[in-house]
Enquirer: 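One structure, as structure tokens, below. Some questions next.
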Protein chains: 2
Amino acid sequence: MTHAATKLKHVAEAAGVSLSTASRALSGKAVAYRISSHTEQLVLDAAAKLDFRPSQVAQSLRTQKTKLLGVVLPDVSNPFFASIAREVTTYAEENGYSVLLADSRESTEVERKLIAQLRAREIEGLVISPVGLHQQHLEKLHTANLPVVLVDRGFAESPLVSVTSNHREAARGAMKILIENGHQEIGILQGIPGTTPNDERLSGIEEELKETGIPFTSSMIQGNQFSESSGYEAAKFLLKKHLGITAFFALSNQIGLGALQAIAEAGRKIPQDISMITFDDHPYSEFLASPMTTVRQNIKELGRLAAELIVKQLLTGRKPKKKVHQVPVEIIERASVFNLLNSEKE
Amino acid sequence: MTHAATKLKHVAEAAGVSLSTASRALSGKAVAYRISSHTEQLVLDAAAKLDFRPSQVAQSLRTQKTKLLGVVLPDVSNPFFASIAREVTTYAEENGYSVLLADSRESTEVERKLIAQLRAREIEGLVISPVGLHQQHLEKLHTANLPVVLVDRGFAESPLVSVTSNHREAARGAMKILIENGHQEIGILQGIPGTTPNDERLSGIEEELKETGIPFTSSMIQGNQFSESSGYEAAKFLLKKHLGITAFFALSNQIGLGALQAIAEAGRKIPQDISMITFDDHPYSEFLASPMTTVRQNIKELGRLAAELIVKQLLTGRKPKKKVHQVPVEIIERASVFNLLNSEKE
DNA sequence: ACCCTTTGCACAATCGATTGTGCAAAGGGT
DNA sequence: ACCCTTTGCACAATCGATTGTGCAAAGGGT
């Protein structure tokens with residue numbers, strides 16, 4: 001493109017050497033191929049003067065390495081995934097890889113198409129937060145020897161490498177706080193059923209309830225997307241149907257926002273009328289009408305680790321030893337959980 | 001990569017035709033090159049059976065078209081830029097282009113390097129939110145005939161195409177609301193001085209103050225980054241130095257978050273003690289301790305329009321007629337602005 | 001029957017790099 | 001002086017597609 005881009009040929013001519021010599025001098029193989037240091041310098045000078053940058057396209061074709069990573073996320077505009085995109089791109093860039101970004105819009109169909117396109121571009125590896133309901137197309141990549149790292153969403157019993165938060169422990173921790181504060185009727189605002197973040201959180205919730213002897217009612221679980229509208233509908237429904245409800249546990253930030261809307265519309269106040277804990281911490285969590293108690297995932301670490309796993313694999317050619325990578329989670333307690341026990345004492 | 005990827009050669013052999021015939025049949029040039037429909041079908045069938053996807057790398061080299069767009073943003077994890085990334089990638093994808101994403105971390109130096117790398121990958125066009133203090137390296141692209149579209153941040157008197165909000169009008173509108181509510185001592189929490197979003201907002205602010213006869217004090221303008229910490233420091237400083245201050249205008253969402261922090265630490269309440277308007281609306285703006293009055297930029301439109309301008313230019317080969325594209329802005333009034341006039345009457 | 005046009009495809013060059021190999025010139029040993 | 005090794009580079013093939021051109025076979029007109 002860029003019109004008169006200088007090619008290796010021009011450098012070679014300017015230096016008065018052959019293409020092969022120019023190529024070798026420029027790629028640091030002068031000693032290995034016995035290019036005299038004088039000739040080497042001629043080439044380097046010519047390249048510098050002509051502002052030569054080798055065509056990565058041509059290099060890719062010849063060396064069969066594109067130095068390209070695919071990153072597929074269900075919603076790049078979601079700050080959670082945006083942070084992952086950022087970590088992966090900067091880590092990749094630092095290691096000589098570039099990132100092709102694609103947004104699957106939470107659709108497995110779109111996800112398949114995007115992956116096909118990325119393969120046509122001969123990406124060397126894929127970092128993906130899959131929609132999460134199907135993994136066959138991803139396993140196919142794995143068997144085709146294309147390194148894949150799942151981030152945020154994994155699959156049970158998968159041959160694929162994954163980096164996720166410890167959803168189960170995180171959910172247990174949040175439930176523990178609610179229960180310790182005397183809550184028994186807790187509405188669970190879930191995301192996409194069948195995805196591991198959702199289901200593992202649910203099973204953590206169930207475990208914690210069982211352990212403390214509180215009955216686990218499936219009708220207290222509502223919602224079907226990690227979205228604001230799903231959170232809104234689910235919370236609205238639960239507020240109507242379960243009059244005794246005293247707390248919500250929202251399984252994502254977006255869901256939480258929707259719940260906030262529903263709670264406000266119902267004329268309830270957090271935390272006096274209804275307590276709440278939300279997955280995903282944010283800068284604004286602290287400044288909400290009631291500062292929100294949140295489960296803070298270590299997003300940077302999730303992104304960086306995923307990038308590292310794929311890049312190291314490409315650089316060394318060795319698959320990571322560990323398949324499942326769990327990143328610890330932190331619970332930030334603020335003011336959105338009301339203590340029912342204290343209030344009874346008073 | 002992917003091990004035994006089928007190449008055009010294999011398709012040609014399977015169909016019993018030459019490479020050229022296979023290529024032409026697959027790229028829809030059968031009639032133009034008088035391939036019989038029987039032969040065409042043989043090729044198509046073979047390609048389908050072998051799951052042939054042409055190497056984009058080889059195609060790119062031969063056709064000198066990579067179908068690659070570069071997108072460079074100062075901070076992908078910022079929801080504002082993340083939304084732009086999303087709009088551009090999906091629009092590009094729909095039109096056969098893929099997006100190489102890079103994050104300049106608000107550094108012109110990094111920005112330069114990233115652009116050099118993107119050029120080595122032979123991107124056909126660049127969508128960039130530049131750091132905004134230097135444009136020489138961007139003009140160079142323009143003169144090298146690489147289509148560039150600036151988004152969010154432009155340059156005064158630039159030959160480059162840009163898509164931005166109407167910063168001036170937006171800022172005037174916000175100031176007008178504050179002034180109409182009786183505010184005269186208004187702290188401006190600015191971003192990076194010298195960038196067009198910042199400076200045009202400032203000049204909008206100045207215009208509005210002048211028009212209403214309120215003195216414009218430069219010491220009321222503080223801050224130097226579009227970041228939370230800059231907003232925090234600036235607000236903290238102003239609260240200390242200007243005891244008569246009654247309102248803040250924060251020139252970005254992140255700045256606003258920092259200001260919230262400083263205001264809380266100073267023990268002041270919004271809006272009673274201090275009013276506030278923030279640039280950039282967000283889902284949570286409504287649920288803050290005091291629901292925030294915000295200037296809502298049409299981010300989707302900014303991103304989509306930028307993508308459209310670059311893609312259409314590539315598709316048609318014609319430069320857009322208009323250089324400067326301004327997208328209207330909307331002000332969402334909530335509860336963070338206190339009416340000083342009413343309170344005096346009472 | 002002959003010639004000219006059309007049909008239907010294959011050959012070979014090409015994009016811009018990398019890399020295995022070959023060969024002349026220089027150097028070194030006796 | 002002669003031969004062998006080392007030095008220093010160039011030639012040409014190659015990655016996987018696209019595309020200009022040439023040519024044999026078929027068809028059509030008189």
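Side chains included, hydrogens not; waters and symmetry mates left out as well; all remaining heavy atoms used. Chain letters run A, B, ... following the sequence lines, proteins first, then strands; residues in each count from 1.
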Enquirer: When rounded to the nearest 0.5 angstrom, what distance separates CG in L26(A) from CZ in R53(A)?
Expert: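 Output value for this atom pair is 13.5 Å.
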Enquirer: Both distances under 3.5 Å, Watson-Crick or G-U wobble: report the partner of dC23(D), or none.
Expert: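 For dC23(D), the partner nucleotide comes out as dG8(C), under the 3.5 Å rule.
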Enquirer: Short of 4.0 Å, heavy atom to strand atom, which residues of residues 37-52 of chain B count as contacting DNA chain C?
Expert: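 Contacting residues: T39(B).
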Enquirer: Can you see whether S104(B) engages S107(B) through a side-chain donor-acceptor pair at a distance of less than 3.5 angstrom?
Expert: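 No, no side-chain donor-acceptor contact under 3.5 Å.
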Enquirer: Taking CG from L61(B) and C1' from dT19(D), how many angstroms apart are they, rounded to a whole number?
Expert: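 So the two atoms are 14 Å apart, to the nearest Å.
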Enquirer: Can you check the L19(A) CG to dT21(C) P distance for me, whole Å?
Expert: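 Those two atoms, CG and P, are 19 Å apart.
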Enquirer: Between Y33(A) and dT7(D), is there a contact of a side-chain N or O with OP1 or OP2 at under 4.0 Å?
Expert: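 For dT7(D), neither OP1 nor OP2 has a side-chain N or O of Y33(A) closer than 4.0 Å.
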Enquirer: Now, which nucleotide makes the Watson-Crick or G-U wobble pair with dC2(D), with each of the two distances under 3.5 Å?
Expert: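 dC2(D) is paired, partner dG29(C).
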Enquirer: Taking the nucleotide of DNA chain D with the closest heavy atom to each, which residue, R24(B) or L8(B), is nearer the 5' end?
Expert: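 The residue closer to the strand's 5' end, by nearest nucleotide, is L8(B).
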Enquirer: Are OP1 or OP2 of dA10(C) and a side-chain N or O of S18(B) less than 4.0 angstrom apart?
Expert: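 It does, given that an N or O in the side chain of S18(B) lies less than 4.0 Å from OP1 or OP2 of dA10(C).
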Enquirer: Tell me whether the side-chain N or O atoms of S20(B) pair up with the base of dA10(C) as donor and acceptor below 3.5 Å, since no angle test is needed here.
Expert: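 Indeed there is one.
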Enquirer: Does R153(B) pair with E106(B) as a salt bridge, N-O distance under 4.0 Å?
Expert: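 Salt bridge present between R153(B) and E106(B).
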Enquirer: Please work out if V17(B) contacts a base, only the sugar-phosphate, or nothing of the nucleic acid, heavy-atom cut-off 4.0 Å.
Expert: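 Sugar-phosphate only.
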Enquirer: Grab the CZ-P distance between R62(A) and dG16(D) for me, whole Å please.
Expert: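 Result: 10 Å.
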Enquirer: Go through R86(A) and D75(B) one step at a time and tell me if the salt bridge (charged side-chain N to carboxylate O under 4.0 Å, His left out) criterion holds.
Expert: CA-CA 8 Å; R86(A) 177 176 220 218; D75(B) 178 4; 3.1 Å; yes
Enquirer: Indicate whether any N or O donor in one side chain lies under 3.5 Å from an N or O acceptor in the other, for E122(B) and S55(A).
Expert: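 E122(B) vs S55(A): donor-acceptor pair found between side chains.
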Enquirer: Would you classify K29(A) as touching base, sugar-phosphate or nothing, given that sugar-phosphate means primed atoms plus P, OP1 and OP2, and contacts are heavy atoms under 4.0 Å?
Expert: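 Counting heavy atoms under 4.0 Å across all strands, the contact made by K29(A) is with sugar-phosphate only.
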Enquirer: To the side chain of Q64(A), which of dG16(C), dC15(D), dT19(D) is closest?
Expert: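 From the listed options, dC15(D) comes nearest.
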Enquirer: Say whether E111(B) and H134(B), considering side chains only, have a donor N or O and an acceptor N or O under 3.5 Å apart.
Expert: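 The criterion, which ignores hydrogens and geometry beyond distance, is not satisfied for H134(B) and E111(B).
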Enquirer: Could you verify whether a donor N or O on one side chain and an acceptor N or O on the other, from S18(B) and T21(B), lie under 3.5 Å apart?
Expert: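 There is such a pair between these side chains.
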Enquirer: Just checking S23(B): base, sugar-phosphate only, or nothing, at a heavy-atom cut-off of under 4.0 Å?
Expert: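 Since a base atom lies under 4.0 Å of S23(B), the category is base.
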Enquirer: Measure from CD on Q59(A) to P on dA17(D) and round the result to the nearest Å.
Expert: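 These atoms are roughly 19 Å apart.
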Enquirer: Does the side chain of Q56(B) get closer than 4.0 angstrom to OP1 or OP2 of dA17(D) through an N or O atom?
Expert: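 No, Q56(B) has no side-chain N/O under 4.0 Å of OP1/OP2 on dA17(D).
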Enquirer: Of I35(B) and V57(A), whose nearest nucleotide on DNA chain C comes first from the 5' end?
Expert: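 Nearer the 5' end of the strand: I35(B).
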Enquirer: Please compare R53(B) and R34(B) by the position of their nearest nucleotide in DNA chain D and report the one closer to 5'.
Expert: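 Of the two residues, R53(B) wins.
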Enquirer: Distance only, no hydrogens: is a donor on one side chain within 3.5 Å (strictly under) of an acceptor on the other, for Q135(A) and S158(A)?
Expert: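 There is such a pair (donor and acceptor under 3.5 Å, judged by atom type) between the side chains of Q135(A) and S158(A).
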Enquirer: Partner lookup for dG16(C), please. Criteria are Watson-Crick or G-U wobble with both distances under 3.5 angstrom; report none if nothing qualifies.
Expert: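 Partner of dG16(C): dC15(D).
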